[in-house]
Amino acid sequence: MRRKKVSQYTEEFEAPKSQRRLSVSSVLVHIALILLALIVISPLIIPFFFTFKTPLEFAYNPWGLPEKLRWSNFEQAWKMVRIGEGLRNSLQVCIGAVLFTVPPAAMAGYIFAFYRSKVTNVLFYVVMAGFFVPVHMVLIPLYQFSTKIGITNTFPGVFLPIAAFGIPFWTIIYRSFYSGLPKDMVEAGRIDGAGHFTVFMRIIFPMAKPATVLAVLLSFMGGWSDFIIGLIMLSSQSKFTMQLRISQFIGNLGANYFPQYAAGVIISSLPTIILYLIFHKYIIQGTTLAGAIKG
Amino acid sequence: MAVAQTAKRKKKRDWYRLGFIALFLLPALAILGTFMFYPIKETFRLSFMRSSGFGEEIYVGWRNYQRIFASPEFRQGFVNVFKWAFWSVAIQIPLAFFIAFTCVNFRTRIIGRLRGVYYLSNVLPSAITAMLGVFIFSPTSGVIKTFAKTTGWKWLESIDWLGNPKLAFWSLFALATWAYMGFGIIYLMANIEQIPTEIREAALIDGATQWQYAWRVVIPYVSYAIRVQAILATVGSIKLFDLPYMVTLGGPRNATVTLGITLYREAFLNWQYGRGAAIGVVIFLICLVITIFQFSFVNDHSATDQSI
Amino acid sequence: MSRSKLSVLLVMTLASLLILSSVALAKTTLTIWAVDGLELDDPHHYYVQNLVKTFLADNPDIDIDWVAFGSEGAALNNRIRVALAANVGPDIFQSWGGTFMGEFARMGKLLDLTEELSDVPTSEAAKAAMSYDGRLYGIAPFFAIAGLYVNEGIFEELGLEVPTTIAELEAVAEKLVANGIQPFAVGARDEWPILATYMYLVNRYGGTIFDDAVARKVRFDAEPFVQAGLKIQEWSKRGFFGNTPMSEGYGDAQLLMQTGQAAMQISGSWLCGLYADPNQTDQTIGFYAVPVLEGGVGKVTDLAGMTDVGFVATATAADKKDAVVRFLTYAMSVEAAEKEAGRVASIPGVNPPNRLTGMASDVFTQAETIQFWWDQNLPPALTTPVNLTIQSFLMDDTDVKAELARYELLVEDELGSVR
């Protein structure tokens, strides 16, 4: 018999319950959730008000509808930011960030969750301590050190520090996630003679899929949004990531060229938003840890 | 004889196990060691120096620490981050839980579509979020001001969201809640979904309402996740820099200054790298103490029976 | 010829051809880090864009790798700081002179160009701004001065005269408030914009007292400093800075001026390009000297100024000194400077590109003393604190004297007590 997840049962259970008691609260809940969703989305629409106007139009009437849809701001942003090059660079940083954040965190989290001992507990605190570090604290020594080992102005020089800041966080998340998984599966595996590595690869790690999807997606986006590490480590224009280019573009306009500003904002955040909209289903779905236990 | 043989067998397995542990911890520790702990060690060292970061270093002992603790700006930053941490836990976590719980347990078509939306704000880089904050709160052309002008509501028009020292903190807090809550929602959602159906069935059969179910069953079940969220929110608050700096620069008159801002000011603007390093050390230690404190309260329900 | 001799000859010919060609192709590459970029079609950037284009055309043996960081969040300054700390960096970078440049020079990170650049024609003030301890480290093709921007359209409409004394200024401001127009646009949320107003008030009350205070002859909470602070607080209370001075950003201030919602602004001449551009504003704005205080010490010919655009070279470029000097010299030429759309040039013989810049240039030429912008003229550790202190004067409940006394303590820490 397949265990269904809670959510799949909910609808079945809604109907027979007393309609009166649930429907008022469910209507209220719906309203609250819709309102919250609107609150989340509305600031994201703001740049679209600005970006189609001329500077004067914007100055006099920031929130009105533009006279004409002017795409020149986008054109300018697109041209100056040199999207093709910037995308390539940012992708390299993002992929590097994911590769060097998620596997180490997944593995370390596994040890910290299942192999507890005095030593590993201390090491867990050590790894967790990495989360306590504010970025600016390490920038100057990090740069000097990177110069010595020659990775400044390279992509590893960017994504390795980004990974270093991501690993503590995801190790904590993975550890907490692993801790919540049912143990009977592991026992079953060990009885079948599985070694440490097989238990991890075949049993535990697949069950932690939501955490992994989350980790991959968010590490990717973290790499995309990073500005400060890219700024410090890169010095060739040709290697600049999207965020650096957008900042150059925005910074080159001065403080009140809002229409072009807005175009830059849209270009810089649209890819991550689109990415998220495509992949969020996988995060929210959760696992089907069902079949494995009984079947 | 049998005892000795068992001892030998155990020993062999131990090595294999140890090797496995070491192998799995190696990548994380290597990356962290090189790119985080080594620079931190340098920073710790520099916190006892007067240095502009350019190499000239004069040993000054504890003076940096004395100076920062005597500075009213630092003290205000200290107060502000704790205020921020407290309210983050008090407001953002219950809110995130509410959204996560209802999204999991009220599976209607509308809500099904809405679930993905709540994370969107977290996707933006902080610079963009800061800019959006300015677009909303700006006293000359911000959304709220323009809205107030069109509706003619003078009381709304006269509110100085970013310039009133008492209000600026809350404007920023609202902005930060908007930006950072998404992760908590998704994380809690993933955890709540793990609850086995039998438990939910049992609760409903016993006649529990949604509220009772949430309060008595779900919360205890995901309490570890909630505690993790609390730690993440607290540490994030102590480190906070981006939003307050980019929107109000820590003003007005230090109403929104944070420890992170004082660090940046000392290290990068005042060229007092030693003092900046000292502030960094303080931030680090505060987070460490808080986390140890919070963790020692937690008996995560999977504590003892894990070891393989 | 024997075959072996032939092959040797062939190899030698090939080798010499290779060597000759590589010598001919040998280019020096100058890496330049600046604020403005080369791709945007914007009047604000015409100077650097033409500078690079023409220089490359005239100097085929030099290549330029130009990296623009934009003006957001002091990206260039932070980057330079980190890079020079590790003795890595560009050959040339954009700098505003003053004490920040001086710190780099003191630590030997900059190239001493006193011999090469001393003869380049420029204003005394510009040269002084790019010098440290008697040595010259760079050039400043454009030098900004602070003055009073006046919306001439509004003034004409309301029958107001451009004020020449503080008393007249206050009368004008009262009338503007009565007509629903914000007298001064400032942008105090960004900390530094109010400094211009304060610098002038201190000068009008006490003359060159700032230099005396830095030289530790006078305290920073001496009378003129306090009076100027109280005056700002008074103006704020009277609504001269609008209703929300602390949340008004510098960008907001510019918007207010561009749309005629504010009538005056005390700021630098770098805004001339913006306020004269018909794409940006439909108001008529003029540039005037800041009014004097009747009975005060400061004169109308005392101005505040700073480098608008400047370049320095790093010590790591020592082997490219020739190329560096050629670039910097060209950057100071009349030909290059005439492409600029708004800034005031510190090069003799350059015609102002528009009426507004012309007015600013006129004010500049009449200057007798130039006070360098305080936040470029103090040790780095005292710069942000002074801006924060002055910014707090805009709030009603600030104790001006106490704040200045606190700043004095910080100064004593850095520079010693008053002798």
Side-chain angles (χ1 to χ4, degrees), chain A residues 3-7 9-11 13 26 29-30 33 37 40-41 43 46 62-63 100 104 107-108 110-111 113-116 127 129-134 136-138 140-142 145 160-161 163-164 167 171 176 179-180 183 196 210 221 225 227 243 265 268-269 272-273 276 280 283-284 286, chain B residues 20-21 24-25 27-28 31-32 35-36 38-40 42-43 53 102 104-107 110-111 114-118 120-121 123-125 127-128 131-132 135-136 141 146 186 189-190 193-195 197 200 204 224-225 228 235 239 241 260 263-264 267 280 283-284 287-288 300 302 306-308:
Chain A
R3 260 195 205 173
K4 288 197 206 172
K5 279 180 25 279
V6 187
S7 30
Y9 260 104
T10 311
E11 275 161 343
F13 273 84
S26 87
V29 161
H30 273 77
L33 285 184
V40 168
I41 296 203
I46 292 180
W63 298 98
F100 284 87
M107 298 197 292
Y110 176 62
I111 301 288
F114 287 96
Y115 292 75
R116 295 185 191 207
V127 168
F131 184 58
F132 306 150
V133 178
H136 293 102
M137 183 171 153
V138 298
I140 293 187
L142 179 66
F145 169 71
L160 284 174
I167 288 178
T171 307
S176 93
S179 305
K183 327 294 167 285
H196 300 282
M221 293 201 276
S225 326
F227 174 74
Q243 290 306 321
V265 166
S268 112
S269 36
T272 20
I273 294 185
Y276 170 72
H280 80 274
I283 304 176
I284 302 191
Chain B
F20 174 74
I21 294 179
F24 260 43
L25 287 181
I31 295 180
L32 279 178
F35 293 97
M36 182 161 308
Y38 178 74
I40 293 180
E42 264 302 288
T43 308
T102 45
V104 170
N105 288 300
F106 282 74
R107 271 301 199 100
I110 303 178
I111 296 189
L114 282 183
R115 310 169 90 195
V117 159
Y118 298 107
L120 272 180
S121 49
V123 150
L124 299 176
I128 308 282
M131 231 191 296
L132 288 179
F135 284 159
I136 295 177
S141 51
T146 316
I186 296 227
M189 254 202 270
E193 296 226 331
Q194 303 292 338
I195 299 180
T197 36
R200 157 105 189 179
L204 285 177
Y224 186 61
V228 168
V235 170
K239 285 198 300 187
F241 169 78
L263 196 172
Y264 179 79
I283 294 180
F284 184 84
C287 294
L288 187 64
D300 54 280
S302 48
Q306 279 313 303
S307 302
I308 298 176

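Predicted model, so just to flag it, every value in this text is computed and none were measured. Naming convention: chains lettered A, B, ... in sequence-line order (proteins, then strands); numbering from 1 in each chain. All values below come from the heavy atoms of this structure, side chains included, with hydrogens, waters and symmetry mates left out.
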Measuring from M137(A):CE to I40(B):CD1, what's the distance to the nearest 0.5 Å? 5.5 Å
Side chain from CB out, backbone as N, CA, C, O: work out which of these in L263(B) comes under 4.5 Å of a heavy atom of chain A, or both, or neither. side chain
Using side chain to side chain donor-acceptor pair (under 3.5 Å) as the criterion, list what pairs up with T43(B), not counting sequence neighbours. none
Who wins among F20(B), F284(B), Y38(B) for the most heavy-atom pairs under 4.5 Å with chain A? F20(B)
Which atoms of V228(B) come close to chain A, meaning under 4.5 Å heavy atom to heavy atom: side chain ones, backbone ones, both, or neither? side chain
Does a side-chain heavy-atom distance below 4.5 Å link S176(A) with Y224(B)? yes
If you count heavy-atom pairs under 4.5 Å with chain A, which of T102(B), L124(B), L25(B) comes out on top? L25(B)
Please look at F241(B) and chain A and tell me whether the side chain, the backbone, both or neither of the residue comes under 4.5 angstrom of a heavy atom of that chain. side chain
Measuring heavy-atom distances to chain B, does I167(A) have an atom under 4.5 Å in its side chain, in its backbone, in both, or in neither? side chain
Are the side chains of V133(A) and M36(B) in touch, meaning some heavy atoms are under 4.5 Å apart? yes
Evaluate L33(A) against Y118(B) for side-chain contact (heavy atoms from CB on, under 4.5 Å), listing each step before the verdict. CA-CA 10 Å; L33(A) 285 184; Y118(B) 298 107; 3.4 Å; yes
Would you mind telling me which of A37(A), P161(A), A129(A), G130(A) has the largest number of heavy-atom pairs within less than 4.5 Å of chain B? A37(A)
Side chain, backbone, both or neither: which part of I111(A) has an atom under 4.5 Å from a heavy atom of chain B? side chain
Nearest heavy-atom contact between P27(B) and M107(A) is CG-CE, 3.4 Å
